[in-house]
Amino acid sequence: MASCPCQSGRTYKQCCGPLHKGAKKAPDPLTLIRSRYCAYAMGEVGYIIRTTEASRRSGLVRDELAAWCGATQWQGLRIIESGLDAERPDHGFVRFEADYLYEGTVQVHREFSRFEKIDYAWYYTDGDVETDNA
Ligand SMILES: [Zn+2]
């Protein structure tokens, strides 16, 4: 059985599959970022949009996202740190790196992402892309 693209070591059906289908919700920002990475890898565009906080969805164009997912091959996810805001535990963050192959070259996407829990579900709100030259 194929292991889940998020590299949890579990199968897709035991891991991100139920989240993508809407059968389960991510219990924390870490699970959400893994399942969103997995959604990018698999072209699950609906999930990417659904787990973005509602007021931020207008910048997401389904066709563009699908084209981007189709043009990239995600090769690995590394979580650098994750946690909850000490003062506002309904806010969380994850810093991660993801490798992807785009037009024949391996690139690294490094991001500090922010999340918010709204009505018992976690959403991606925004993130800062980090570069070596920053
Ligand atoms: Zn997974």
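Order of listing sets the numbers, starting from 1, for every ligand and every atom in it.
F115 and W122 have their aromatic ring centers separated by at least 6.0 angstrom.
Here the angle centred on the Zn ion (ligand 1), running from SG of C4 over to SG of C15, is 110°, rounded to 10°. The Zn ion (ligand 1) lies at the vertex of an angle of 110° between the SG atom of C6 and the SG atom of C16 (rounded to 10°).
Although no hydrogens or angles enter the test, the distance criterion places no donor-acceptor pair under 3.5 Å between the side chain of H91 and the main chain of L84.
Remark: R36 fails to qualify as a cation-pi partner of Y47 under the 6.0 Å distance and 45° angle criteria applied to the six-membered ring.
Residues P5 and M42 have side chains in contact (heavy-atom distance under 4.5 Å, counting atoms from C-beta outward).
The Zn ion (ligand 1) has no N, O or S atom of C38 inside 2.8 Å of it.
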